[in-house]
Amino acid sequence: MEATTLSGETTTTVYERLARLIHHELDHLDGLLYTTRMHDGVTPIPVEDRQTARAWAYE
């Protein structure tokens, strides 16, 4: 991720394990929601109905 510090310098940070989370939060800063990336006519699956292989874990 490339960002500008308060002093105007550009800084780059590489995220490996948190990349999905960082991308998700950056989307929010740009005013995007997950549903924005979905194809027309697709309905999100409610959280309680999702069956995933593993739970989310940010380590």
Side-chain angles (χ1 to χ4, degrees):
M1 177 181 81
E2 192 171 282
T4 305
T5 66
L6 293 175
S7 62
E9 297 174 40
T10 301
T11 181
T12 302
T13 306
V14 176
Y15 295 94
E16 294 179 15
R17 300 187 77 164
L18 296 175
R20 181 183 272 179
L21 173 66
I22 299 298
H23 187 252
H24 172 84
E25 297 304 329
L26 288 173
D27 276 351
H28 287 309
L29 293 175
D30 289 333
L32 299 174
L33 299 176
Y34 180 77
T35 52
T36 305
R37 297 186 180 279
M38 295 176 68
H39 296 287
D40 291 336
V42 175
T43 305
I45 300 169
V47 172
E48 58 274 5
D49 294 342
R50 295 180 192 175
Q51 295 185 6
T52 59
R54 61 186 173 90
W56 286 92
Y58 298 110
E59 300 170 1

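Here the structure is a predicted model, which is why all the values come from computation and not from measurement.
The cluster map of Ile, Leu, Val, Met, Phe, Trp and Tyr, joined by side-chain heavy atoms under 4.5 Å apart, puts Leu32 and Leu26 in different clusters. Cluster annotation: Leu29 and Leu18 are assigned to the same hydrophobic cluster (Ile/Leu/Val/Met/Phe/Trp/Tyr, side-chain heavy-atom contacts under 4.5 Å, transitive).
Once rounded to the nearest 0.5 Å, the distance linking CG of Asp27 with OG1 of Thr36 reads 8.0 Å. Atom-to-atom distance recorded for Arg20:CZ and Glu25:CD is 13.5 Å, nearest 0.5 angstrom.
Closest approach of Met38 and Thr43 over heavy atoms only: CE-C, 3.8 Å.
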Could you walk me through whether Thr11 and Glu2 pass side-chain contact (heavy atoms from CB on, under 4.5 Å), step by step?
CA-CA 6 Å; Thr11 181; Glu2 192 171 282; over 6 Å; no
Show the numbers, then the answer: is there a side-chain contact (heavy atoms from CB on, under 4.5 Å) between Met1 and Ile22?
CA-CA 9 Å; Met1 177 181 81; Ile22 299 298; 4.0 Å; yes
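Thr4 places no side-chain N or O within donor-acceptor distance of the main-chain N or O of Gly8, the cut-off being under 3.5 Å.
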